[in-house]
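Taking it in order: structure first as structure tokens, then the write-up.
We number each residue from 1, following the sequence as shown.
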Amino acid sequence: MRWSLVILAVLLLIVGYAYVSTLNGPITPEGRLAFVKVANPDMYPGHLHSQLLAKFANDSGSKSILVVHFAGDSNYRCYKEGNVEILELAFVDTQGTGAAGDTNYWDSLKIALFGVPDGRYQYKTDGKVFNNLDDALNYLYGIAEKNGQEGPIPMYWHGTARKDNPMFAQGCGFPLFFDIVRKKYGIIPAFVYTLRGMIMPYFKDPYANFELQHATELQNYYQEGMINFR
């Protein structure tokens, strides 16, 4: 009983530390947005996931919201969904296999523990490519400010898994979410908010049951170009 109380106290201290660390920061880490792609392109005005992001922003009283991706062939433009500015940011792993490649879990663990080696990641938003994360974020902060942003910007990783079981594969943008939280707030908040973010769509995504029940079909449709609406 005593040890269980000690463990509980330590966990509460860790969670409390993570929460306090982010109170005065420019970004509020939230979590995973969705499980699988339901249409392609999968982030544009009127898309289900875009509308969901806007709802999350309005619920939190924010005029902007950030969604992060693993870079593909999109320009990851920022755009309006109603009165909310959707900010998009994608990372390019110059030493990785690309968004459609297999995940190197050992490499991912090393990056999580020790950070991204200098020069390995590039960052893309609005068709612009930045070599430095701070430069990319400062560009997005400027867009948010023009839209009347006050206070921190909520951040989600897109989370859509092109293949594999989406309950385990964390999908698009997962490493960038972790990297941003780690750089802004430290390693402990990064792990706390990432673990919290993994379970978030089970409670916040109204399309979660549909996406999970039809995950294999939707992934196949995406791979075969059957849900393209370009």
Take Asp134 and Lys184 through the salt bridge (Lys or Arg N to Asp or Glu O under 4.0 Å) test and state the conclusion after the steps. CA-CA 10 Å; Asp134 287 333; Lys184 293 297 179 184; 3.5 Å; yes

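- With contacts defined as side-chain heavy-atom distances shorter than 4.5 Å, the pair Thr216/Asn165 does not qualify.
- Looking only at distances, a side-chain donor or acceptor of Lys124 sits under 3.5 Å from a matching main-chain atom of Ser74.
- Of the possible donor and acceptor atoms, none in the side chain of Trp157 sits under 3.5 Å from a partner among the backbone N and O of Thr194.
- Proximity of the aromatic rings of Phe91 and Phe70 is defined here by a centroid distance below 6.0 angstrom, and this criterion is met.
- Stacking of Lys204 on the aromatic ring of Phe56 is recorded, both the 6.0 Å distance cut-off and the 45° axial limit being met.
- In this structure a side-chain-to-backbone donor-acceptor pair under 3.5 Å is missing from Thr22 to Thr28.
- Considering only heavy atoms from C-beta on, Leu53 stays 4.5 Å or farther from Glu81 through its side chain.
- When every heavy atom of Ala54 is checked against every heavy atom of Ile86, the shortest pair comes out as N-CD1, 4.3 Å.
- The closest side-chain heavy-atom distance from Leu137 to Phe130 is not below 4.5 Å.
- In this structure, Leu140 and Leu89 have side chains that are in contact, with non-hydrogen atoms separated by less than 4.5 Å.
- Partners of Tyr123 under the ring-ring contact (aromatic ring centres under 6.0 Å, His included) rule, at least two apart in sequence or in another chain, do not exist in this structure.
- With hydrogens and angles ignored, the 3.5 Å screen pairs no side-chain donor or acceptor of Tyr202 with any backbone N or O of Met198.
- In this structure, Glu85 does not pair ionically with Lys146, as no charged nitrogen and carboxylate oxygen lie closer than 4.0 Å.
- No side-chain donor-acceptor contact under 3.5 Å links Arg77 to the backbone of Gly127.
- The backbone N or O of Ala57 sits less than 3.5 Å from a side-chain atom of Ser60, completing a donor-acceptor pair.
- Aromatic ring pairs are classed by plane angle as parallel below 30°, tilted from 30° to 60° and perpendicular above 60°; the pair His49 and Tyr207 is tilted.
- Side chain of Arg182 to backbone of Ala190: no donor-acceptor contact under 3.5 angstrom is found.
- For Tyr222 and Thr160, the side-chain atoms include no donor-acceptor pair closer than 3.5 Å.
- Checked by atom type and distance alone, the side chain of Asp164 never pairs as donor or acceptor with a backbone atom of Ala169 at under 3.5 Å.
- Using a 4.5 Å cut-off on side-chain heavy atoms (C-beta onward), Pro45 and Lys80 make no contact.
- The closest side-chain donor-acceptor pair between Lys63 and Asn58, if any, does not fall under 3.5 angstrom.
- A donor-acceptor pair is defined here as one N or O able to donate and one able to accept, closer than 3.5 Å; no such pair exists between the side chain of Gln219 and the backbone of Tyr221.
- Distance check, rounded to the nearest 0.5 Å: OH of Tyr193 to OH of Tyr185 gives 8.5 Å.
- For residues 208-220, no residue pair satisfies the salt bridge (Lys or Arg N to Asp or Glu O under 4.0 Å) rule, not counting sequence neighbours.
- Side-chain atoms of Gln122 never come within 3.5 Å of backbone atoms of Asn131 as a donor-acceptor pair (strictly under, hydrogens ignored).
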